[in-house]
Peer 1: 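Below you will find the structure I want to go over with you.
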Amino acid sequence: MSSENERPEQGPTGGAGEQLALIRETVRKAEEPRAKPRSWRAAKLASGLPVARVLVDKGLIHLDQFFDYSVPEPMDEQAQPGVRVRVRFGARVVRGRREGGELHDGFVVARLPESDYRGPLAPLAQVLSPEPVLGPELLRLCRAVADRYAGALADVVQLAVPPRHARAESRAVPQAPAPPAKPDPGSWARYATGPGFLDALATGANPRAVWTALPGPHWPDELARALAATLASGRGALAVLPDGRAVARVDAALTALLGEGHHVVLTADSGPEERYRRWLAVNRGAVRGVIGTRAAMFAPVADLGLVALWDDGDSSHAEPHAPQPHARDVLLLRATDEQAAFLLGGLSVTAEGAQLVDSRWALPLTAPREQVRAAAPLVRTVGDGDQARDAAARAARLPSLAWQVTRDALLRGPVLVQVPRRGYVPRLACERCREPARCARCAGPLELAESGALHCAWCGRPEAAWHCRECAGTRLRAQVVGARRTADELGRAFPKVPVRTSGRDAVLARVPDQPALVICTPGAEPVADGGYAAALLLDGWALLNRPDLRAGEEALRRWLTAAALVRPAAEGGTVVVLAEPGLRPVQALVRWDPAGYAVRELAERAELGFPPVSRMASVTGTAAAVSDLLENAQLPDDTDRLGPVPVPVAPPGRPRRMADPPPGERWERMLLRVPPGSGGSLATALKTAQVARMARKHFEPVRVRMDPPDIG
DNA sequence: AGCACGCCGACT
DNA sequence: GTCGGCGTGCTC
């Protein structure tokens with residue numbers, strides 16, 4: 001959209017002099033040193049479509065407007081829709097004399113015969129490159145994502161189009177290979193509708209499925225076969241995975257299936273030039289298969305036939321940059337808009353996945369029960385009350401069952417031990433009565449430092465002599481212990497067994513098929529060649545006690561991820577989870593029924609009016625700013641307003657984040673909730689009100705966020 | 001956002 | 001007279 005200013009047309013005030021400065025640069029660049037036009041319009045312009053509509057990268061992006069520029073004749077051919085350009089922006093009249101503004105980067109979004117802007121158009125300053133990097137299809141996707149998230153188009157474009165690298169552009173890309181042959185179903189045969197799904201992809205149809213993958217090592221190959229089947233139809237295929245290790249596994253599987261040349265990998269760790277080179281190969285249509293991490297969700301695959309997303313519950317699928325689009329939503333938009341097949345796969349199922357099935361938008365792609373039984377390990381639970389009788393088990397802080405399983409399994413292969421990540425360590429509590437340990441001064445939660453010293457997590461005050469307020473007990477209970485301590489203690493308990501760790505800063509991809517204790521935090525589990533003999537899931541208490549809507553779903557997801565690396569029960573594979581057996585996520589793990597869990601989770605959320613059945617938005621800022629925005633927003637009639645609640649300030653020690661109020665300011669947050677189907681109008685209303693606020697120059701900031709992730 | 005305009009009161 | 005507060009409008 002261009003602005004619709006109805007200002008009276010500016011007359012030819014001031015004559016040639018005032019425009020001269022403005023056109024000088026363009027004229028020089030266009031190598032027309034003699035041109036002396038009396039106005040911008042009079043410059044030698046492209047004859048057919050002399051106007052370029054431009055998305056200007058910086059400045060005013062909140063207003064989400066395009067700006068029209070004239071196209072100097074020498075740029076006519078190159079200034080096609082999608083190319084990067086430089087324009088002068090912010091020009092103004094200073095004492096009756098126009099001064100050219102700053103140079104900004106932008107993208108041509110359209111060429112037009114004329115502009116609806118009633119004023120003189122400035123010329124494009126430069127075509128940076130003739131490469132059409134923001135083609136009509138990608139632009140439409142960015143627009144749809146911006147609308148869905150009440151965000152600005154330019155913000156989304158910045159996520160979708162990688163930074164330019166001139167050297168990569170100058171290199172030719174190889175010719176696109178002929179479509180490969182249709183792959184065999186392989187282990188898809190284990191799923192009732194698996195081979196049929198591949199057939200549909202290969203014949204050019206657009207099936208949509210929510211796939212509950214069987215545990216074990218086969219899912220990367222199965223995902224690769226779905227991509228290959230789509231490529232066999234002559235169409236493009238895109239798969240988004242949560243991290244580089246998962247990408248590497250699918251890449252290896254697809255390369256084994258098709259060889260080189262049919263696909264590229266788009267991840268951050270290939271470096272900016274190489275990544276841009278691959279992205280260009282996709283954009284130019286030379287490669288039709290893409291496997292990548294989050295940013296690849298925007299990959300401009302030509303003639304897209306399939307979008308696939310693996311493990312949509314993983315938090316890395318949520319883009320951290322504004323407007324924080326989620327890969328699942330972006331791919332859903334693409335499947336609908338670009339009429340592609342859709343495959344949402346994972347070892348677990350999110351409530352969102354269950355909703356796609358519930359609404360009949362997608363079909364479930366699951367294996368029959370006997371296949372699940374054949375592939376899954378035996379899962380045993382250990383409740384909180386079980387005490388270790390064995391002295392060695394006590395020393396390792398393990399219940400006897402966990403101890404026995406570990407000892408037996410270590411004779412047959414590696415044992416995976418999943419421990420909570422730092423930061424997930426729950427609060428300390430009184431050993432006797434379980435009352436949470438609180439700071440005597442500010443009632444903040446107490447924390448145990450690595451040194452063993454006790455201090456308050458809010459005010460930082462060291463606590464030298466804690467005693468329980470309820471029962472006057474003096475002993476604390478650390479419900480879970482950190483990775484390092486667990487590693488130390490297990491190592492001492494099994495002195496002949498090597499201990500390996502895999503965590504945030506040093507993630508192991510694989511471990512060999514030999515007895516070893518493999519200690520890891522959730523998400524960093526190495527794959528064991530031949531499968532683990534057993535797994536201990538020690539973080540149940542920590543995962544399930546978080547005050548989060550998704551705590552149960554997330555706990556189950558992490559357990560399934562670890563447990564799926566264990567050998568099937570028939571081969572002795574055993575999983576021990578330390579959590580109360582009566583809890584729903586624990587039962588779902590024991591029965592290995594992630595889809596059933598998700599269905600119940602969805603039903604419960606529907607009943608409580610929670611997302612994803614209802615849609616929500618959060619509005620954060622000072623009380624005055626929040627109420628101003630909401631008063632002026634045309635919210636849907638059935639909007640439910642929850643709050644406001646005060647936004648907590650950043651605790652001392654933690655660096656201030658964007659979502660934290662600035663020091664000394666008090667922010668509050670309103671939650672808005674709408675019934676199913678009204679999410680779009682809620683986003684539109686908030687966006688419109690936000691734009692109006694900006695234009696009115698009320699610039700006390702208000703943060704608008706669709707689908708906020710952290711609702712309690 | 002960022003910057004120049006203009007309309008007000010207080011000053012050399 | 002003239003300097004400078006900040007409220008307002010504009011950017012193709």
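This is a predicted model, so every value here is computed, not measured. The figures here come from the full heavy-atom set of this structure, side chains too, leaving out hydrogens, waters and symmetry mates. Sequence lines set the chain letters: A, B, ... in the order given, protein chains first and strands last, and positions in each chain run from 1.
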Peer 1: With stacking defined as ring centroids separated by under 5.5 Å and planes differing by under 30°, is A:Tyr117 stacked against C:dC12?
Peer 2: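 Stack criterion met.
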Peer 1: Quickly work out the A:Arg53 CZ to C:dC12 P distance and round it to whole Å.
Peer 2: 15 Å
Peer 1: Using whole Å, report how far CZ of A:Arg118 lies from C1' of C:dC10.
Peer 2: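 After rounding, the reported distance stands at 18 Å.
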Peer 1: Nearest whole Å is fine: how far is C:dC12 C1' from A:Phe67 CZ?
Peer 2: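 Atom CZ in A:Phe67 sits about 6 Å away from atom C1' in C:dC12.
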Peer 1: Taking atom P of B:dA1 as reference, at what distance in whole Å does atom CG of A:Asp57 sit?
Peer 2: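 Rounded to the whole Å, the gap is 16 Å.
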Peer 1: Return the value, rounded to whole Å, for the distance between atom CG of A:Leu103 and atom P of C:dC12.
Peer 2: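 Result: 12 Å.
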Peer 1: How long is the line joining CD of A:Glu102 and P of C:dC12, in whole Å?
Peer 2: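 Spelled out: CD on A:Glu102 to P on C:dC12 is 12 Å.
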Peer 1: Determine whether a donor-acceptor pair (N or O, by modelled atom type, separation under 3.5 Å) exists between the side chain of A:Asn206 and the backbone of A:Gln339.
Peer 2: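 Side chain of A:Asn206 to backbone of A:Gln339: a pair is present.
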Peer 1: Within this structure, what is the NE2-to-C1' distance between A:His104 and B:dG2, rounded to whole angstrom?
Peer 2: 10 Å
Peer 1: Please list all pairs meeting ring-ring contact (aromatic ring centres under 6.0 Å, His included) that have one or both residues in residues 620-649 of chain A, counting only residues at least two apart or in different chains.
Peer 2: none
Peer 1: Under the rule for salt bridge (Lys or Arg N to Asp or Glu O under 4.0 Å), what residues qualify as partners of A:Asp76, not counting sequence neighbours?
Peer 2: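 Partners of A:Asp76 by the salt bridge (Lys or Arg N to Asp or Glu O under 4.0 Å) criterion, ordered by chain and then number, come out as A:Arg111.
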Peer 1: Is A:Glu338 paired with A:Arg334 through a side-chain N to carboxylate O contact shorter than 4.0 Å?
Peer 2: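 Here A:Arg334 pairs with A:Glu338 in a salt bridge, since their nearest N and O are under 4.0 Å apart.
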Peer 1: Just the rounded figure in Å: distance from P of C:dC12 to CZ of A:Phe107.
Peer 2: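 Taking CZ of A:Phe107 and P of C:dC12, I get 19 Å after rounding.
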